[in-house]
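Data first, discussion second: the structure below is written as structure tokens.
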Amino acid sequence: VKPWRGPFGAAEAAHLLRRAAFAPAAGEVEQAVRAGPEATVARLLAAPLPDKTEVEQSLRSADDPVEIAGAILHRAASSQAPLRENLSLFFHNHFVSAFSKVREARMMLDQLELFRGRALGPFADLVKAVGRDPAMVRYLDLERSTRSQPNENFARELLELFTTGPGPYGEEDIREAARAFTGHHLRNGRFVFSEAAHDPGPKTVLGQRGPWSGDDVAAIAAGHSATAGFLARKLARHFIADDPPERVVSEVEGSWRKHGGEIGPIVREILLSESFHAPEQRYAVTRSPAALVVATGRALGCSLPALSAARHCFSMGQALLDPPSVKGYPGGGRWLNAATLLARRRFVLETLAEGARKQAVRPDVLAAAEKGAAEAFAAVLGRAPSPDEAAAVGRGFGGAAPGQRVFEVLELVVLHPSFQRC
Amino acid sequence: MRTAIACLVVAALARAQESAAVRDPALLLPLGTPIYAEADDLGASAALLARSAFLAPLEPPVRARIDELLGELGALGVRRAAVGVLPALIFPTRWIVLAETADPAPIVAFIVKRAKGADVKPAAGAAGPFAVVADAESTVATVLGLRDGKGEALAAREDFKRFRSRFPTGAVRLHLDVQKLAPAALRFGLKKNDAGSVLFGHHLMHAARTARTLSGGLELGDPAALRLVSEIAPVPPKAAFTETRPSEPVLAHPDGCALRVSLARDLRRFWTERESLLAASARAPIAEFQNNLAILMGGLSVEDVFAGIGSSFDAYVARGDPAAQEGRRYPSVAVVAALRDPALANELLLSFQTTVGIVNAQRAMEGLPRLLQESSQHRGVTIASARLLAEALPDAGDDRTQLVWSFAIAKDRVIVGTRRELVAALVDAAVDGRTEARVAGDEARLAGPAAAVLVRDASAFLRARMALKDGRPAEDAQRVLDAICVLLAKTDAARARVLVDGELATIETSASGRALIGAGTESR
């Protein structure tokens, strides 16, 4: 991966913080410019995993998916480790489980915690942990998988969606991998390995033969050469562009191979790469509803209560914890359509109304919005608007006098494509 | 000379007579005044409220605004005061303030300040002992005309006379002509597609939909009390399932009980009238309920079951499992229903156990932890219970282990609760015959100090909920909870009652506690 050698001013810092940490919070752009890109990325990567919040602890027995989604948004919005939160949402959409089947809030919350905790470590370890994760064991029916009746659901998704992607495996690989995961059961809601239900015989998975266990197969699949390309494309879509150029995917794949699938160093290289900072990649990633909720809170300093935000997420097309299928949310540009754009507008209007009611909008953003649309644009997005952008926001604003209609200005800025993307 | 003296005496007598004639401010307000409020001692009431504990839980900015308002009201130096408002759709709203004071200037200044930028230019005058401040000179002229006997005054209106007889005293009294303010045709009705809403709220919605007047009185003593009375259309016979004169007495509160809510509903009558009370869309869930009940009750019909159950239901809320962690302790809740038909007792007990069995089968299919069924004797009464085993749950101290679903039938009472100890305490009350008379209507009784304990017990849950629902930081949420606990701790007892009977709907609330009113200023 070719490192970025260009300048690192406010625009670059804001870009980095938008992608890695949802959006820059007050003073964060200046701090990043002073520290430089390496130190900023190092800080983001080194942020320790915070303790679980009281909200999460109180909802471990909850049965309302909106409340649990609210707890996750509350955690993401209040976390001092935004990159981990960002990656936990990435992995929630990669290793998909759904509350509608798992039915235990505790399991879903623990799965998100697993993603946060292992988000920057070796991918193979994460895959192994996912194979033992109670939510996943239940979601993909491992708990009913025995040596006499191996269930293939997890094995199929492990290869097709979690590691290699379609191509390098056949139905026989799935059958053999399923045998390896027999015995991954739950007892009293905890993972147990049932020796009696496990098939200890030799299996051939992705060309490797042996008496493989589930952990072995997880390691084989995670270490397969196709996994590097499959995950590299997903990471590139998450961090660089909805539709990344093949050259960029290849670069990330190279980084994956170089670091043996250890996610932290790979993410570091991506965030410091020339491809990441290339001007054409600015605003090339569409914010998911969850990311938009957190980003709006950080950018404006005010946010809706988490429960309300979770409901808005559902309206904007993202039923957190209940993806539409095992493939996850479609993502990218498909987040945006006529219905979801209206829902995004409602979300922004309500957030600003809440900010006004609680007088919680960031003072620097408010002061900028009082001066005018261009200033508000710069304060929220961390850069001055181009003449076209200034004209667009100014037109929408109707040319009202500076100091008036502050919240209308902010609404237009947050609804601008440059904020709906990042 | 004698003639001159006689003239002076006659003139003085005439003034005194005029003064006496207008001592009632309602004599100075137009007949059609739809909003009327009066206070006997405005300054004293404002001072009492400002010092009361009721304001303690309010948010600081709200509290500051109310303190400021009460301070300004107190500083007006007004004893008796009355306000009449005549809203208008097209023309500007007319309003009249009558205050027993010689100088209307502070009132004018107060109104101009409180109008917050609106173009208000009050006019002032005097009528008898009252300073008159109104929206315009023409309105003041109307008041003066009424003083001089031109036109009919509010005091002559029949509904107003009834208001006066219902509320002869009180720090603040209010009377609204609801029919004039919001014609019945414009009022929303009850959604009839939800059987639960109809069962619990039909009488209230009937009152809200048909109210002609609303009168109220606030007493600021010990107890502090607020009573509202509304004149409504007669409750139709089909809606008479809300019993107004239930006969079954209430079981005495167990020790530590913080709250009791009592509802009186004749389920049998409700079931009979369901077709006319509910929308067609409610029929599917009703049919499902009918089927499920037959399965659970050994083939008995809904009619049989409802005929065997009394018409009063009491929910008790008390402290939860003392072994649970403070802050994460659920309150325990139990519901008591009267049983008219003793033959139903065994069926109900078996239906509880059948329900737990069905729940367990469902949970087993979904891989969820199942409930352990237990049964024990208490005072010769079988208490059946179901709970999750702590050993079957992955988290140490899983909150769900606090719930022990318990069921008992003691004498003529069916008792269902979330904690065996509370159910056992209610069994004791039933076996010992410890009861108290039931008041008419729906009633809630609160024991403040015990309720404060419950709030502290569940503070972590409440903080989490406030964070989720209101976006409150934990420290801020805790401050609110602390303030609520302070208020509850000072409230020895509080009571609310709703009665919709005949052509009257009454809401009564009261709270007693020596430190509630007239205590030192509370701060959060």
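What you see is a predicted model, and the numbers here were worked out from it, not measured in a lab. Order of the sequence lines sets the chain letters (A, B, ...), proteins ahead of strands, with each chain counted from 1.
- Note: A:R103 leads A:M107, A:H74, A:R103, A:E354 in heavy-atom pairs under 4.5 Å with chain B.
- B:P394 and A:N188 get closest at one heavy-atom pair: CD-O, 3.1 Å.
- If you measure heavy-atom distances from A:E56 to chain B, you find no contacts under 4.5 Å at all.
- Of the inter-residue distances, the one linking A:S61 atom OG with B:R328 atom CZ reads 8.0 Å to the nearest 0.5 angstrom.
- Neither the backbone nor the side chain of A:R187 comes within contact range of chain B, judged by heavy atoms closer than 4.5 Å.
- Put simply, the side chain of B:R465 never gets that close to the backbone of A:S58: no donor and acceptor are under 3.5 Å apart.
- In the displayed structure, A:R147 atom CZ is contacted under 6.0 Å by more than 12 heavy atoms of other residues, nucleotides or ligands.
- B:L393 is not listed as a side-chain neighbour of A:R190, based on a closest heavy-atom distance of 4.5 Å or more.
- Looking at A:R138, only its side chain comes within 4.5 Å of chain B, counting heavy atoms on both sides.
- Salt bridge B:R363/A:E104: absent, no basic N to carboxylate O contact under 4.0 Å.
- Minimum heavy-atom separation, A:E54 to B:R463: OE2-NH2, 2.6 Å.
- Here the side chains of A:P305 and B:R472 are not in contact, with every heavy-atom distance at 4.5 Å or above.
- Residue B:L468 is tested with A:L73, A:V66, A:V55 for a side-chain contact (heavy atoms from CB on, under 4.5 Å); the sole match is A:V55.
- Heavy atoms closer than 4.5 Å to chain B are found nowhere in A:K101, neither backbone nor side chain.
- Under a 4.0 Å N-O distance rule, the pair A:R60/B:D395 qualifies as a salt bridge.
- In terms of heavy-atom pairs under 4.5 Å with chain A, the best-connected choice from B:L389, B:D399, B:L368 is B:L368.
- Of the two parts of A:L186, neither the backbone nor the side chain holds a non-hydrogen atom closer than 4.5 Å to a non-hydrogen atom of chain B.
- Other residues, nucleotides and ligands contribute at most 12 non-hydrogen atoms within 6.0 Å of the CZ atom of B:F200.
- The parts of B:R400 that come within reach of chain A are both its backbone and its side chain, each placing non-hydrogen atoms under 4.5 angstrom from that chain.
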